[in-house]
Amino acid sequence: MKFSQLFIPTLRETPAEAEAVSHILMLRAGYVRQLAAGLYIYLPLAWRVMKRINAILKEEMDAIGAQEISMPGLHPAEIWEKTGRWTEIGDEMFRLKDRGGRDMCLGMTHEEIITWLASTEIRSYRDLPQMWYQIQTKFRDEARPKSGILRTREFIMKDSYSFDRDEKGLEESYQKHAEAYLRIFQRCGLAFYQVESDPGMMGGATAHEFMAPSPAGEDTIVICDKCGYAANVELALSIPPSQKDAGARRAVPLQEGQLEDISTPDKRTVAEVSAFLEADPSCFIKSLLLIGADGPFLALVRGDQELHEKKLQRIVGSFRPAQKDEIKDILGVEAGFIGPHNNKLKKIADISLKEGTYISGANREGFHTKGIKPGTHFDAEWHDVHVARGGDGCSRCGAVLREENVIEIGNIFKLGTKYSQPLRAVYLDENGVEKTIIMGSYGIGPARIAAAAVEQNNDKDGIIWPLGIAPFDVEIVVLAGDDKELAETAGRIYRGLQDEHFEVLMDDRNERPGVKFKDADLLGVPCQIIIGKKALKEGLVEFKIRKTKQTERIAPSDVVARVKQLYGKA
RNA sequence: CGGGGCGUAGCGCAGUUUGGUAGCGCGCACGGUUCGGGACCGUGAGGUCGGAGGUUCAAAUCCUCUCGCCCCGACCA
């Protein structure tokens, strides 16, 4: 296509509202424009990228036997009421009424709808398994849309759903998706990890996320380079480094094995007491009084660790922090001075506390206690309830974990019967017995793939698209648009590339060379064919790789072969 | 929802403290000269200063309310 006939509104300056690299570059290079918070218009270039990503998605989904369908974006409330999510989900759901006053919503996802479909159509074990997918718009009234295309209120998603007779079937569908996802992200040229994730509100037992490392990412994962363990910090296990020596002796009382109260007036937080006593935070026990379904209990983590509420919730069910007066009523002291010893409350302690001697609140106003030995001075249920961090040990092999910020680009969930049961998606098995369909749900955000690709592949001059998803394969830069000879050479190369099914952008604009070079680098098409008078005098054109800026002078007749070589089609 | 920042020409910004009727750079249009890394000269178009109300002889500027956008946090099928 001719640049002069395409709408590519590049910007010389960075719009003030953009912060993330991908957001800045996609605005500057004329890919997207913002309509409102979290709502973006995809201009021709961005839409071409999206189409390419979607084509890869379709190929790989079709390859595992999934069938493309299309479901409405507007849903009746009734179905969402049946699964309970109409009330479970709060402001994040866009809700509206139709003219008849019926409650409706804009679909945030399609488990309900597809399960309804399955419930009405699937009768027999002979109908299973099935895998259905769509590439469709989702609506979520995000509390805080951000980072351009990364977190929006309306976005396209590839979502697929598997329907199986049993767990074994689900496992197969799940693995097929995992493998397809690996191929998809590879073809899109992304660096990514597959990590264990929290099933969250989706329900079900197993879930994985596909994560593209980027500073713009909103999620954090820990990775073990030795054994391959990788998990979202929402559930990652780890072994915190052992108690630090710095000031550790201060945790030891004058008489070994005894407890010793020390005056710590007005020192309440770990940071304050740690500074006051000159002992490392890892020498303290942080005691948090929480109220669970069975009454109050103490959660204990080491002073240098953070309590992971979701992990704790999985162990004890839902809980809430105790209020100030509740703490006084139960322990007789204010929050800054509570400790695990000398009380009979149930205790859940983090595994990092198993060894060592500690200081904690004395359960006495203005005092802390030294010499507390877990197991000796208090008993507890031991669990991993701290937040895993880089530098911790791997819970599987002990090697040091690494931490990285990542963009979630895809996820896969084993749903089980979470949706099929309330919506009565059932079938009759070989023995005529009614069984509930076992489901899985699998999502990919194409816009996030695009954004992650830009985040991972750019330099000071602009975007550097991975080969598989660039808006064009080749950009021909014709340095003097009005020169006949240049135009003819460009035309020949253009047709030659098209004959080999390459997507070619030809910058035929009547612009100065500098402008064309700058725009070409900004747009990020993987390779450029530069046609200028100088080289052409010698019968040559230039072949430039966007990523390395390496330039080769080659004969016009060799261009097609050189491009084919770059794209591995030689 | 809590905290912070910002709304002035298409984009980036100045002007707001101390009220006097809006300016700079880029971009855009036209003419000319240029033409291998965002050219130069000249001419010109373009703004109810986010909106509403108020104070005042006079409001971009002061006051009240309101809307929008961005960032941090909470939240996040």
Side-chain angles (χ1 to χ4, degrees), chain A residues 9-20 23-24 27-30 33-40 75 80 83-86 88-94 105-115 138-148 150-153 155 157 159 161 197-204 207 209 216 218-219 232 234 309-310 408 410-413 415 418-419 441-443 445 460-462 477-483 486 507 509-523 528 530-537 541-542 544 549 551 553:
Chain A
T10 59
L11 263 24
R12 188 192 292 236
E13 284 172 295
T14 304
E17 71 266 17
E19 188 121 324
H23 190 196
I24 290 172
L27 284 171
R28 279 200 57 212
R33 287 295 183 262
Q34 183 177 30
L35 173 67
L39 298 174
Y40 283 81
H75 304 173
W80 286 81
T83 61
R85 287 161 117 191
W86 180 261
E88 256 171 57
I89 295 169
D91 293 337
E92 210 172 316
M93 184 185 275
F94 281 106
C105 67
L106 297 180
M108 345 185 17
T109 174
H110 284 77
E111 278 81 17
E112 274 77 2
I113 308 308
I114 204 142
T115 310
K138 311 288 186 219
F139 299 89
R140 292 180 195 174
D141 196 357
E142 291 285 351
R144 184 145 97 83
K146 56 182 285 200
S147 306
L150 271 180
R151 190 170 198 77
T152 54
R153 296 192 291 174
F155 58 98
M157 185 167 176
D159 48 323
Y161 306 88
S197 72
D198 179 4
M201 264 190 83
M202 293 297 293
E209 286 165 330
E218 303 179 274
D219 286 287
N232 195 313
E234 285 176 359
E309 295 185 7
K310 278 188 181 168
E408 180 186 351
N411 53 39
I412 53 180
F413 291 96
L415 296 176
K418 165 146 184 169
Y419 299 94
S441 145
Y442 317 88
K460 66 174 176 30
D461 293 314
V477 182
V478 191
L479 286 186
D482 53 353
D483 185 287
L486 296 192
D507 192 347
R509 293 175 301 169
N510 187 19
E511 286 287 353
R512 297 170 58 83
V515 173
K516 295 190 177 190
F517 286 135
K518 286 287 183 191
D519 274 347
D521 288 349
L522 226 204
L523 302 199
Q528 302 166 13
I530 299 155
I531 301 175
K533 281 181 189 166
K534 280 185 188 169
L536 202 59
K537 255 184 201 162
V541 298
E542 287 159 60
K544 182 176 144 193
K549 300 270 175 77
T551 304
R553 292 188 146 205

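Sequence lines set the chain letters: A, B, ... in the order given, protein chains first and strands last, and positions in each chain run from 1. This one's a predicted model, so the numbers in the text were calculated from it and none came from an experiment.
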Would you indicate whether the side-chain heavy atoms of Lys549(A) and Asp461(A) approach each other to under 4.5 Å? yes

Can you tell me the base-pairing partner of A74(B)? Count Watson-Crick or G-U wobble geometry only, both distances below 3.5 Å, and say none if there is no partner. none

Would you measure the distance from the C1' atom in C49(B) across to the matching atom in U8(B) and give it in whole Å? 4 Å

Does a distance-only test, which skips hydrogens and angles, find a donor-acceptor pair under 3.5 Å between the side chain of Arg553(A) and the base of G36(B)? no

Sugar-phosphate only, base, or nothing, as touched by Leu522(A) at under 4.0 Å among non-hydrogen atoms: base

What integer distance in Å separates Glu142(A):CD from A74(B):P? 15 Å

Heavy atoms from C-beta onward define the side chain here; which of A77(B), C70(B), C35(B) lies closest to that of Glu17(A)? C70(B)

Would you find a donor on one side and an acceptor on the other, under 3.5 Å apart, between the side chain of Arg28(A) and the backbone of Leu11(A)? yes

Using a heavy-atom cut-off of under 4.0 Å over every strand shown, decide if Ala18(A) touches base, sugar-phosphate, or nothing. nothing

Classify Arg33(A) by what it touches in the nucleic acid, base, sugar-phosphate, or nothing, heavy-atom distance under 4.0 Å. nothing

Round to a whole Å and report the spacing from CZ of Arg512(A) to C1' of U33(B). 11 Å

Length of the line joining Lys516(A):NZ and G37(B):P, which is rounded to integer Å: 14 Å

Just call it for Ala37(A): base, sugar-phosphate, or nothing, with non-hydrogen atoms closer than 4.0 Å on any strand. sugar-phosphate

Can Lys533(A) and Leu479(A) be said to form a side-chain contact (heavy atoms from CB on, under 4.5 Å), step by step? CA-CA 8 Å; Lys533(A) 281 181 189 166; Leu479(A) 286 186; over 6 Å; no

So which nucleotide does G38(B) pair with, by the Watson-Crick or G-U wobble rule with both distances under 3.5 Å? none

Between atom CG in Asp141(A) and atom P in C1(B), what is the gap in whole Å? 11 Å

OP1 or OP2 of C26(B) less than 4.0 angstrom from a side-chain nitrogen or oxygen of Arg12(A), does that happen here? no

Measure CG/Asp91(A) against P/C75(B) and give the value in whole Å, please. 15 Å

From A77(B), C35(B), C75(B), nucleotide with atom closest to Ala143(A) side chain: C75(B)

Most 5' of Leu35(A) and Glu234(A) on RNA chain B, judged by nearest nucleotide: Leu35(A)

Can you find a donor-acceptor N/O pair under 3.5 angstrom joining the side chain of Glu13(A) to the base of G25(B)? yes

Rounded to whole angstroms, how far apart are NZ on Lys518(A) and P on G38(B)? 6 Å

Please determine, for G23(B), whether a Watson-Crick or G-U wobble partner exists with both distances under 3.5 Å, and give it or none. C13(B)

Across the strands shown, which category fits Asp519(A) at heavy-atom distances under 4.0 angstrom: base, sugar-phosphate, nothing? base

If the P atom of G46(B) is compared with that of C1(B), how far apart are they to the nearest Å? 41 Å

Just call it for Ser147(A): base, sugar-phosphate, or nothing, with non-hydrogen atoms closer than 4.0 Å on any strand. sugar-phosphate

Here the gap from Lys146(A) atom NZ to Thr152(A) atom OG1, rounded to the nearest 0.5 Å, amounts to 13.0 Å

In whole Å, what is the span from the CZ atom of Arg509(A) to the P atom of A39(B)? 12 Å

Rounded to the nearest 0.5 Å, what's the gap from CD on Glu209(A) to CD1 on Ile412(A)? Could you check? 10.0 Å

Inter-nucleotide P distance (G50(B), G10(B)), Å rounded: 13 Å

Between G12(B) and C70(B), how far is it from one C1' atom to the other, in whole Å? 16 Å

Pair partner, A45(B) [Watson-Crick or wobble, under 3.5 Å]: none

Determine the interatomic distance between C1' on G15(B) and the same-named atom on G7(B); round to the nearest Å. 15 Å

RNA chain B: Lys146(A) or Lys549(A), which has the more 5' nearest nucleotide? Lys549(A)

Do His75(A) and Phe139(A) have ring centroids that are under 6.0 Å from one another? no

P atoms of G4(B) and U64(B), separation to the nearest Å: 16 Å

Under 4.0 Å, counting only non-hydrogen atoms across every strand here, what does Gln34(A) touch: a base, just sugar-phosphate, or nothing? sugar-phosphate

Base, sugar-phosphate, or nothing for Asn411(A), non-hydrogen atoms under 4.0 angstrom? base

Whole-Å distance, Leu27(A) CG to G10(B) C1', equals 14 Å

Taking the P atom of each, how far is G3(B) from A22(B), in whole Å? 38 Å

For U56(B) versus C62(B), give the span between their C1' atoms, rounded off to a whole number of Å. 10 Å

Taking the side chain from Asn411(A) and the backbone from Gly443(A), do they hold a donor-acceptor pair closer than 3.5 Å? yes

Below 4.0 Å: OP1/OP2 of C72(B) and any side-chain N or O of Arg144(A): yes

Determine whether Lys418(A) and Glu111(A) satisfy the following criterion, salt bridge (Lys or Arg N to Asp or Glu O under 4.0 Å), listing intermediate values before the conclusion. CA-CA 10 Å; Lys418(A) 165 146 184 169; Glu111(A) 278 81 17; over 6 Å; no

